[in-house]
Amino acid sequence: MQIPRIGAAEAWRDAARGFLQQNIPPEALIWGGAETAPDLFGGGSVRGAARQVSVPRSFLALAGSVVWHTDPARFARLYAFLWRLRDTPHLMTDRGDPDLATLRRMEKNVHRCQHKMKAFVRFREIGDPKAARRSFAAWFEPTHHTVEPTAQFFARRFGDMDWRIYTPGISVLCEGGRLRFLKDCPRPDLPEDASEQLWVTYFQNIFNPARLKVKAMTSEMPKKYWKNMPEAAAIPELIAAAPARARAMAQAAPTLPPARVKQAQAQQARFASSWTQDSAALVAEVNSCTRCPLHCAATQAVHGAGPPDARLMVVGEQPGDLEDLQGLPFVGPAGQLFDAVAREVGLARDAVYVTNAVKHFKYRARGRRRIHQSPDRSEIAACAPWLEEEIRHVSPRLILALGATAAFALTGSAAPLAQRRGRVERRADGVAVLITYHPSYLLRVQDKDKEAAAQARAAFRGDLAQAWERVQPRQLAPRGSPTYTRPQRQPELRTPKL
Ligand code: URA
């Protein structure tokens, strides 16, 4: 009897039911791999012309897994057991039965393989990251035929995207939520993608050297899967460095839970409540965002802050260490520098909506310190819907982009900042974007080159003044409106080094 490679579970059930009804003993059958047929034991009992057969549900569950094992004798084993089960209904609970033990072992292998597949499939983006439905593909080499029984898991998890998992045997394609299985697809040439480095960084961050158990780790993440997992490249180095890191961790005092988080969250909730219901829903969505792995290591998502009808929106890169703890944007050193320069030009920060291109803090842990890492394109793209929603809600007259990440997130252009600083660019939706330095750049350059630092600061000051001026109403402002000081003319600037 030939069982097809796609739809093997149903085909085996159908065939086995037929043979059982016709009273065909196992030794009269040869099982192999061919064409499908409809359902078999339906509700757990078989009614045939020859005789009625009851099958325990526990057997159906067992067979439903064992059919995906790679043992060529799996179909024969199942049928032989089913044949015996017909006359010995308690066989399913006989722990000493060697045939049942073999089937249970095979079931366990299949379950384990499904678990590995769920954990170790690594998707790469193959379509336009800005498309309404993004497309991903992965190459995976399962030990058993687990693509079919595991496909629903991926369909549920990645319901809002199209994806494909190619394997040396059966591959699965999910397009518009519909699953399709294909045989013997060639291995695709998948693009190197930015999230490879992200996986490595993520793995490095979650790796706890103090809890390293190499045997347990390689049993959980067997070496045969490593070649398709970008983060596996970091493992040998992490293992080598683990003892020293563990010693350093033991010497460092534990990090205390951030005491200000509660207060900051309350502050944030107050701000959120000044928005419409729509925007409060956005805040809730961003809080539970898992569109990229950055949410795992960050304390919380940091939302924009400021009047929801601000004329000027300021966009930075991502929250820093303090912002991550306090839950508010630009409260750390970069924010303080921004505030100082804003005061100089009469820009009222209270009247401005301040946010970031990426809402979670990306960092690399070094001892107790968290070292800032720039977000990559996949992270910026993952966060883009939130930024776009904010722009839609606030509908600013002008957006001030602080630094290259913000400029890229807002305009889609990665052209060098030096050529764009101080200029206004138009987004596709018509909103004007004035591009300037990120205040962190001013802080970095301060210690290196005093003259360049002074020039960069003057340029930044000029840009803030220009931004503030551009969002003022044309007529004279009525009394009591936010203070506005006309900016002074800026001296001619040398193009600073970035
Ligand atoms: N840098 C940013 O880009 N944003 C912040 O909120 C803080 C530092």
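Remember, it's 1-based here, ligands and their atoms both numbered in the order they're listed. Keep in mind that what you see is a predicted model, and the values were worked out from it rather than measured.
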- [ ] Could you give me the CA-CA distance, side-chain angles and deciding distance for Phe460 and Tyr441, then say whether ring pair (Phe, Tyr, Trp, His ring centres under 6.0 Å) is met?
- [x] CA-CA 10 Å; Phe460 183 67; Tyr441 167 69; 9.7 Å; no
- [ ] Can you establish whether the number of heavy atoms outside Arg423 located under 6.0 Å from its atom CZ is more than 12?
- [x] no
Open item on the list: Between Tyr437 (side chain only) and Ala459 (backbone N and O only), is there a donor and an acceptor less than 3.5 Å apart?
Closed with: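 No; judged by distance alone, with no hydrogens or angles, the pair does not exist.
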Can you list the ligand 1 atoms lying under 4.0 Å from a non-hydrogen atom of [X]?
{"X": "Gly316", "value": "3 (O)"}
{"X": "Gly320", "value": "7 (C)"}
{"X": "His438", "value": "1 (N), 2 (C), 3 (O)"}

Open item on the list: Among Lys116, Lys118, Gln114, exactly one meets side chain to side chain donor-acceptor pair (under 3.5 Å) together with Thr150. Which residue is that?
Closed with: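 In the set Lys116, Lys118, Gln114, the residue that makes a side chain to side chain donor-acceptor pair (under 3.5 Å) with Thr150 is Gln114.
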TODO: State whether the shortest distance between N or O atoms of Phe330 and N or O atoms of ligand 1 falls below 3.5 angstrom.
DONE: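 Yes, at least one N or O pair falls under 3.5 Å.
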Task: Polar atom proximity, Glu317 to ligand 1 (N or O, under 3.5 Å) - done: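 Right, the criterion is met.
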- [ ] Select one of side chain, backbone, both or neither to describe which atoms of Glu323 lie under 4.0 Å from any atom of ligand 1, heavy atoms only.
- [x]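 The answer is the side chain of Glu323.
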Task: Part of Gln318 within contact of ligand 1 (heavy atoms, under 4.0 Å) - done: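 Only the backbone of Gln318 comes within reach of ligand 1.
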Task: Parallel, tilted or perpendicular, as decided by the 30° and 60° cut-offs, for the rings of Phe158 and Phe123 - done: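 Judged by the thresholds at 30° and 60°, the geometry between Phe123 and Phe158 is perpendicular.
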- [ ] Measure the distance from atom 4 (N) of ligand 1 to every protein heavy atom, then report the residue, atom name and distance (to 0.1 Å) of the closest one.
- [x]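 Of the protein heavy atoms, Asn356 OD1, 2.7 Å lies nearest.
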- [ ] Before accepting this row, confirm whether a basic side-chain N of the pair Glu388/Arg427 lies closer than 4.0 Å to the acidic partner's carboxylate O.
- [x]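 Counted as a salt bridge, because a side-chain N and a carboxylate O are separated by less than 4.0 Å.
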